Amino acid sequence: MNRLVVVSNRVPLPSAGNHAGGLAVALDGLMEKRGGLWFGWSGAIGTGGNNVSVEQADGIDYATIDLTQDEHDRYYNNFSNGVLWPLLHTMPELMHFDRRDAKAYRDVNARMAATLQSLLRPTDLVWIHDFHLMPLAACLRARGVTNPIGFFLHVPFASADVLAAAPEMGSLVRDLLAADLIGFQTENDLANFAAAAELFGDAMRGPGNLLTMAGRKVRLGVFPVEIEPHGFADLADKMAAGPEASRLRASLTGQHLIFGVERLDPTKGLLQRLAGLRLLLEKHPQWHRRATLLQIAAVSRKEVSSYRALRTALDRDAGCLNADLAEPDWLPLRLVSRAVDRTLVAGYMRVARVGLVTPLRDGMNLVAKEFVAAQNPADPGVLVLSRFAGAAQQLDGALRINPHDADAMADAMDRALAMPLAERRERWQSMWAAISDRSPLAWGRGFVAALLRASSIVAVPDRPLRTGTGPLALMEPDEAGLVTDLMVAERTGEREKLRGPKLVPEGVQLN
Ligand code: F6P
């Protein structure tokens with residue numbers, strides 16, 4: 001089995017208890033099952049240089065480098081979070097472009113490529129994650145790395161005319177084309193990327209989501225990230241009976257709980273959500289004293305100015321909303337700005353009658369899927385979901401709204417709060433059906449299988465090969481569920497036959 005090398009900005013180091021957010025939720029299962037190398041930033045600020053720290057746990061090698069303070073400021077805060085994040089989420093007005101930041105972003109990617117190259121084995125599969133590392137595949141290729149390389153974007157991909165606001169964007173799109181497979185959360189993201197590749201990269205889009213340019217081929221694919229629905233359902237069931245959820249329930253004194261949880265981020269539509277709540281209470285005063293919103297908005301990326309500005313605005317709007325609408329014995333809004341443990345969140349979700357997931361734009365939004373998994377099937381809550389979250393493509397039982405339309409949000413909340421049990425069950429069942437037979441592990445295996453197909457070393461039957469007697473009588477598939485040409489060749493001793501230009505990239509050693 002080829003070793004899997006995952007590369008991401010944040011690495012969930014066991015020793016540091018590092019969080020890697022949605023990305024770690026998506027990848028943990030595959031790495032636990034398959035083992036491999038996980039490479040990226042240590043989470044620490046250091047003096048630079050090429051020192052790599054390595055730790056091992058449960059069959060996974062974690063290799064990390066520190067960033068200097070300047071690299072962290074420019075690569076992570078200013079360019080990744082201050083340019084790419086808003087642009088990819090179609091919020092160009094929040095972008096602050098500076099050439100020096102773009103250069104630092106490239107330099108960090110080049111440094112990561114140099115370090116990673118020294119750790120790579122010839123038959124490794126390299127899987128790069130997210131917007132922090134858009135030039136990395138090209139940096140590796142420039143250093144002569146010929147391993148199969150996949151790239152997955154966890155966030156949306158905006159349309160080319162929005163992206164063009166950043167002078168760097170054309171070359172970043174071209175850099176991405178150095179990968180063999182590029183994965184997206186939705187068809188819309190894929191279509192936007194294909195158009196950008198045609199515009200900036202002289203690529204031609206062929207059938208089967210194949211891009212061709214100057215003799216090279218790049219495969220595109222849609223791989224919606226999933227949660228572990230049964231595990232999360234069990235967790236929510238257990239936590240809903242625990243002391244924290246019980247205290248929350250008791251504090252409601254019979255009111256319905258409306259619940260929202262996210263990082264405090266401009267893409268999440270928090271101000272718009274408060275505007276929706278205000279309208280709900282103005283247009284539908286019957287909910288006074290009968291419903292309250294618990295909004296967890298965990299402060300994040302506070303070194304980026306737009307995040308600090310949002311914190312100020314949110315505190316102001318929340319204060320005004322409560323001051324304007326509260327009664328001496330009732331508050332419409334409870335705002336919590338620190339991070340709350342995911343296990344507690346699972347219990348709170350099960351207590352809630354309404355889940356609000358209303359981002360202005362979101363790659364997938366796993367909170368939406370977690371809210372569905374957390375519900376009691378006999379008495380489920382209702383999900384109010386932005387049509388601009390990737391999850392809206394899958395969760396058609398949600399009340400899907402446009403978060404810019406406060407009236408639509410208010411009316412959806414009203415409908416959700418009043419919804420009869422039969423309709424709540426019907427909607428929940430359709431959403432549960434959409435997520436319940438999926439998992440992060442299947443998602444990861446699907447990507448790896450597609451990477452093997454897209455890279456030129458393999459042709460892939462999807463079942464064990466049964467060809468009568470002899471060495472190929474029964475071959476066990478690898479972790480991706482595949483029997484590859486490489487495995488067959490190793491079994492038959494015919495590895496040399498795979499060295500043709502179509503099957504093995506130059507430089508890949510088959511022993
Ligand atoms: O959505 C992309 C993502 O990288 C998630 O994986 C993660 O939850 C989030 O952004 C947090 O980002 P940061 O690493 O900046 O805290």
Side-chain angles (χ1 to χ4, degrees), residues 6-13 16-31 38-45 64 67 71-91 94 101 105 108 112 127-134 136 151-158 183-186 189 223-227 261-269 296-308 310-311 337-342 345 357 359-370 386 388-391 440 443-444 447:
V6 161
V7 193
S8 58
N9 174 58
R10 282 193 197 267
V11 176
L13 286 176
N18 267 9
H19 88 98
L23 197 143
V25 172
L27 278 165
D28 274 350
L30 181 69
M31 289 305 269
W38 199 324
F39 176 76
W41 174 42
S42 63
I45 301 298
T64 54
L67 294 178
E71 284 174 338
H72 183 259
D73 290 346
R74 291 187 179 279
Y75 147 82
Y76 174 73
N77 282 329
N78 297 358
F79 198 75
S80 297
N81 293 335
V83 173
L84 294 178
W85 180 271
L87 263 194
L88 290 165
H89 286 85
T90 313
M91 302 178 86
L94 296 183
D101 298 331
Y105 172 84
V108 168
M112 287 204 179
W127 187 3
I128 302 168
H129 290 262
D130 234 355
F131 58 99
H132 312 91
L133 303 175
M134 288 169 80
L136 188 65
F151 179 92
F152 183 77
L153 187 68
H154 290 254
V155 300
F157 198 88
F184 301 91
Q185 300 272 22
T186 67
D189 301 323
F223 304 87
V225 175
E226 302 296 341
I227 62 160
V261 56
E262 41 258 305
R263 287 183 306 103
L264 199 156
D265 190 293
T267 62
K268 301 294 181 185
I296 298 171
V299 169
S300 88
R301 301 178 183 170
K302 50 180 189 255
E303 286 149 332
V304 182
S305 60
S306 56
Y307 288 72
R308 288 197 304 275
L310 175 63
R311 171 83 202 263
S337 58
R338 64 181 148 57
V340 174
D341 193 272
R342 193 162 164 265
V345 165
V357 181
L360 304 179
R361 191 73 59 165
D362 216 329
M364 175 49 59
N365 199 304
L366 296 182
V367 169
K369 293 181 176 180
E370 288 174 345
S386 164
F388 301 121
W443 168 80
F447 188 93

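Everything numeric here is computed off the predicted structure, so don't read it as measured data. All ligand and atom numbering here is 1-based and tracks the order in the structure.
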ask   = Which atom pair, heavy atoms only, marks the closest approach of Phe151 to His129?
value = CE1-C, 4.5 Å
message = Out of all atoms in ligand 1, which are within 4.0 Å of some heavy atom of Tyr76? Include the element for each.
response = 13 (P), 14 (O), 15 (O), 16 (O)
message = Looking at ligand 1, would His129 count as a contact under a 4.0 Å heavy-atom criterion?
response = no
Passing candidate, side-chain contact (heavy atoms from CB on, under 4.5 Å) with Val299, options Leu310, Asp265, Leu264 = Leu264
task = Kindly confirm or rule out an N or O of Trp85 lying under 3.5 angstrom from an N or O of ligand 1.
result = no
remark   = side-chain hydrogen bond (donor to acceptor under 3.5 Å, both in side chains) test vs Tyr76 passes for just one of Glu303, Arg10, His132, namely Arg10
task = Could you tell me how the ring of Phe447 sits relative to the ring of Trp127: parallel (under 30°), tilted (30 to 60°) or perpendicular (over 60°)?
result = parallel
query = Which pair of non-hydrogen atoms, one from Ala389 and one from Pro359, has the smallest distance, and what is that distance?
reply = CB-CG, 3.8 Å
key: Backbone or side-chain N or O of His132 under 3.5 Å from ligand 1 N or O   = no
task = Identify which of Gln185, Arg301, His89, Met364 has a heavy atom lying nearest to atom 10 (O) of ligand 1.
result = Arg301
message = Quick test of your reading of the structure: of Leu153, Val155, Leu27, whose heavy atom lies closest to atom 1 (O) of ligand 1?
response = Val155
inquiry  = Could you report the tightest heavy-atom contact between Val304 and Asn77, atom names first, then the distance?
reply    = CG2-O, 3.8 Å
query = What do you reckon, does Leu23 have a nitrogen or oxygen under 3.5 Å from a nitrogen or oxygen of ligand 1?
reply = yes
ask   = What do you reckon, does Asp130 have a nitrogen or oxygen under 3.5 Å from a nitrogen or oxygen of ligand 1?
value = yes
task = Provide the closest heavy-atom pair for His89 versus Trp85 in the form atom of the first, atom of the second, distance.
result = ND1-O, 2.8 Å
ask   = Do ligand 1 and Arg10 have nitrogen or oxygen atoms that lie under 3.5 Å from each other?
value = yes
